[in-house]
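Only one structure is covered here, and it is reproduced in the block below.
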Amino acid sequence: MKALILNSGIGSRMGVLTSEHPKCMTEISSKETILSRQLRQLSEVGIREAVITTGMFDSVLISYCQSLDLPIHITFVKNPLYKETNYIYSIYCAREYLKDEDILLLHGDLVFENQVIDILIKNSQSCMIVSSTQMLPEKDFKAVIKNAHIAQIGTEFFDDVMAAQPMYMLKKDEWNKWISKITEFCEHGKAKCYAENAFNEISDKCKLYPLDIRNLFCSEVDDSDDLAIVRKRLKDIESKIVYMCFSADMLHSGHMAIIQKASRLGKLMIGVLSDEAVVTYKRFPLLPYDERKALFENINGVYRVVEQRTLSYKENLEKYRPAYVVHGDDWKEGFQKPVRDEVISLLASYGGILVEYPYSGEQRYQELENRARSDLSLPDIRRARLKKTIALKGTISAIEAHSGITGLIAEKTVVYQNGQSRQFDAMWISSLCDSTAKGKPDIELVDMTSRFRTIDDIMEVTTKPIIFDGDTGGMTEHFVYTVKTLERMGVSMVIIEDKTGLKKNSLFGTDEIQTQDSIENFSAKIAAGKRAQKTQDFMICARIESLILERGMEDALKRAFAFVKAGADAIMIHSRKKEPDEIFEFVAKFRGKNKSTLLIVVPTSFNSVTEEEFKERGVNIVIYANQLTRTGFPAMQNAAKIILENHRAKECDDLCMSIKDIITLIPVES
Ligand code: SPV
Ligand code: MG
């Protein structure tokens, strides 16, 4: 598409402002003239060729355009009769450069906001800018609309009209018809009228549609009063805040394109999601918030970057009241829909506008995301992330995984409530569940090699950090090897319990005879493990069984402080009681003396306590230790029974996961 800008007029009504250069070179802001703005806008929508008709001061105009150094090739055509003809004759002079082209035609004194040209060039049919909401001008153009087409354009019509601006997008066929008529006019001496007079004679054949821009700004500058109005409007338009939210730690051309589009609407403010908000719905960010913020601050067209602390826009929309919120149209469905609904109602409360651009779900962008995810599964990166997530959130949650599929459930399950999202932060490789999945009792019977195999299966398909249930840790001489292997694999933490001999699952309590290790022995095991590890990121947690074995609070606390002294990074305090009182008492007494060592709980029996309450009391990790196992296997037993009872599988069909859901959970990697 070529642009045709008509600049042959003298601009006498502008007075001294046009005494040394043509009207189009009049400054409309501290940075732009009418022409430089138009040319910038044309180049921003991808127009690379323009024809400018000139008259007086043509050499000033030509060297000015060259000085702008824009990526548009401009052909200048002088109307030699500019004093005695109208722009119809300028078009006639330029006709050989304009044939068989789609043309964007505009007068050289038009000032319009970016959206006007954006919507104009998107049209598939020829059209002219009109406004159904603006007052009819007395002396300027109006368009007579009949049967949805423009029937007449002129200053003298007042019935069935809309205010119109001399800005057109003309498809080749219509333009060829119009320019033939213009040629006929000029060759028959009719060169002092408007080009629109020629159009009016062929409007039944030359289909031109009105493009209603309503309140968007588009205005001619005829005199100094117009100039003052235009300057003021532009200031208002350009000071409007446009808000977009990003979590991205990788910026690709798709992001850049939408940022550039959004920045054309006003001052672009970017809300960068906090690390904590990103973790709740996506994956751990590759770059921390400060670096992601700096990334956006250095993008051309971004005016300000602020933190958005939740998926919900509420806080920032209420604070900054942007005129526009820009987003891809992908959030009309799915988990972001409630966020979108809230944005729409917040914007409606003060007259803001939501602008949605088509979402580019391009495969290559998805591949970038996949690569980021696979980086997160690398041992060093995965291992370090447990500490980082705790530092970020204070309290995190982990759910058990005992196989690739349960790992994927732990990895991918996300819930969305009231515009917020939640997912598990880590996985717990439970000895109970690992043994149960193998049909074996939880008595350290499943050997370490087999347990490592489970970790490997899970690691292959997930990225979240792993906390390993190391049972008693075995003999100290063996434990140091376990530490080294786990650390090398990328496990973040091993939890060992202060029991010795034939360990049984704690939930049996005192029904089974179980022996607690001495403080000295267990401290030595912890210390040996700490010496064996190579990185700062790996953690060893001492699990205290005093409450399970009914040895009392004092014993539990004494052990906790001793194990911390021996080097434990964390203390797990366990209980079989339904009421959380003894856990709360331990946490309070421990925190009374130790503020920094991580505290871990496994609320299998005291399961009425929420994570928020644990957080308030100073717990750092809440482990849901066996719920996938305890819900999954009964579902299987039930299916088996139903098939037996019915002698066929039909009756259990409704209980089955669909193939579609399986494919979603387990995608095939390319
Ligand atoms: C496990 O999940 O294997 C545990 C936690 O050790 S508990 O079963 O509560 O002892
Ligand atoms: Mg266990």
Side-chain angles (χ1 to χ4, degrees), residues 397-403 406-407 409-410 424 426-448 450-455 458 466-474 479 482 486 491-517 522 525 539-551 556 559 568 570-580 582-583 586 598-609 614 619 621-633:
S397 66
I399 187 147
E400 69 106 336
H402 58 264
S403 58
T406 47
I409 290 170
F424 295 105
M427 292 174 286
W428 163 243
I429 317 269
S430 149
S431 68
L432 173 70
C433 302
D434 202 359
S435 310
T436 305
K438 292 173 171 63
K440 300 217 164 125
D442 181 19
I443 53 172
E444 292 189 272
L445 172 64
V446 178
D447 65 41
M448 272 301 164
S450 171
R451 304 281 317 278
F452 294 158
R453 184 66 238 162
T454 303
I455 297 178
I458 292 168
I466 288 178
I467 304 170
F468 182 71
D469 177 359
D471 288 320
T472 64
F479 180 56
T482 305
L486 292 172
V491 168
S492 306
M493 178 187 275
V494 61
I495 301 185
I496 51 172
E497 54 195 278
D498 59 352
K499 284 202 283 227
T500 184
L502 179 61
K503 180 225 90 153
K504 302 257 174 77
N505 186 277
S506 305
L507 302 173
F508 289 124
T510 48
D511 299 347
E512 298 277 345
I513 295 164
Q514 307 210 46
T515 324
Q516 205 170 9
D517 203 353
F522 199 69
K525 198 186 284 185
M539 291 183 277
I540 297 179
C541 170
R543 162 173 168 176
I544 293 164
E545 294 288 292
S546 307
L547 303 182
I548 294 276
L549 301 173
E550 295 174 6
R551 302 270 156 75
R559 283 169 175 267
I571 296 293
M572 173 182 150
I573 183 68
H574 207 11
S575 161
R576 282 182 296 126
K577 299 247 166 75
K578 247 196 138 21
E579 296 309 320
E582 60 180 13
I583 289 285
F586 177 92
L598 301 178
L599 276 180
I600 302 177
V601 294
V602 178
T604 304
S605 51
F606 43 100
N607 51 20
S608 58
V609 185
F614 282 127
V619 171
I621 305 182
V622 178
I623 297 177
Y624 299 99
N626 49 43
Q627 284 75 10
L628 297 188
T629 292
R630 286 168 54 218
T631 51
F633 294 123

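Residue numbers start at 1 and run along the sequence shown. All ligand and atom numbering here is 1-based and tracks the order in the structure.
Using a 4.0 Å heavy-atom cutoff, E400 is absent from the residues neighbouring ligand 1.
Panel note: side chain K525, backbone G474; a donor-acceptor pair is recorded below 3.5 Å. Between the side chain of E550 and the backbone N or O of I548, no donor-acceptor pair lies under 3.5 Å. The closest donor-acceptor contact from the side chain of S450 to the backbone of V446 lies at 3.5 Å or more, if one exists at all.
Close N/O approach between L432 and ligand 1 is found [any backbone or side-chain N/O within under 3.5 Å]. An N or O contact shorter than 3.5 Å is missing between E497 and ligand 1 by distance.
Excluding waters, the protein N/O/S atoms found under 2.8 Å from the Mg ion (ligand 2) are S431 OG, D469 OD2.
Residue-ligand proximity, S506 to ligand 1, at heavy-atom distances under 4.0 Å covers atoms 10 (O). Remark: ligand 1 atoms within the under-4.0 Å shell around heavy atoms of A625 are 2 (O). Every atom of ligand 1 with a heavy atom of H574 under 4.0 Å away is listed here by number and element: 7 (S), 9 (O), 10 (O). Those atoms of ligand 1 with a heavy atom of L507 less than 4.0 angstrom away are 8 (O), 9 (O).
Considering every non-hydrogen atom in both S397 and F424, the closest pair reads OG-CD2, 3.5 Å.
Separation of atoms OG (S435) and CD1 (I443) is listed at 8.5 Å; rounding is to 0.5 Å. To the nearest 0.5 Å, atoms CE (M572) and CG (D498) are separated by 10.5 Å.
When the options R451, K504, K503 are evaluated for a salt bridge (Lys or Arg N to Asp or Glu O under 4.0 Å) with D442, the one that passes is K503.
Ring geometry for F452 versus F468: interplanar angle of 30 to 60°, hence tilted.
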Check your understanding: Taking it one step at a time, do T629 and H402 satisfy side-chain hydrogen bond (donor to acceptor under 3.5 Å, both in side chains)?
Key -> CA-CA 8 Å; T629 292; H402 58 264; 3.2 Å; yes
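Between E579 and K577 there is no salt bridge, since none of the side-chain N atoms of the basic residue sits less than 4.0 Å from a carboxylate O of the acidic one.
Of the candidates D469, V602, D442, N505, the one placing a heavy atom closest to atom 8 (O) of ligand 1 is N505.
The neighbour count for K438 NZ, taken as heavy atoms of other residues, nucleotides or ligands under 6.0 Å away, is above 12.
Ranking protein heavy atoms by distance to atom 2 (O) of ligand 1, first place goes to S430 OG, 2.8 Å. Annotation: atom 10 (O) of ligand 1 to nearest protein heavy atom, R543 NH2, 2.7 Å.
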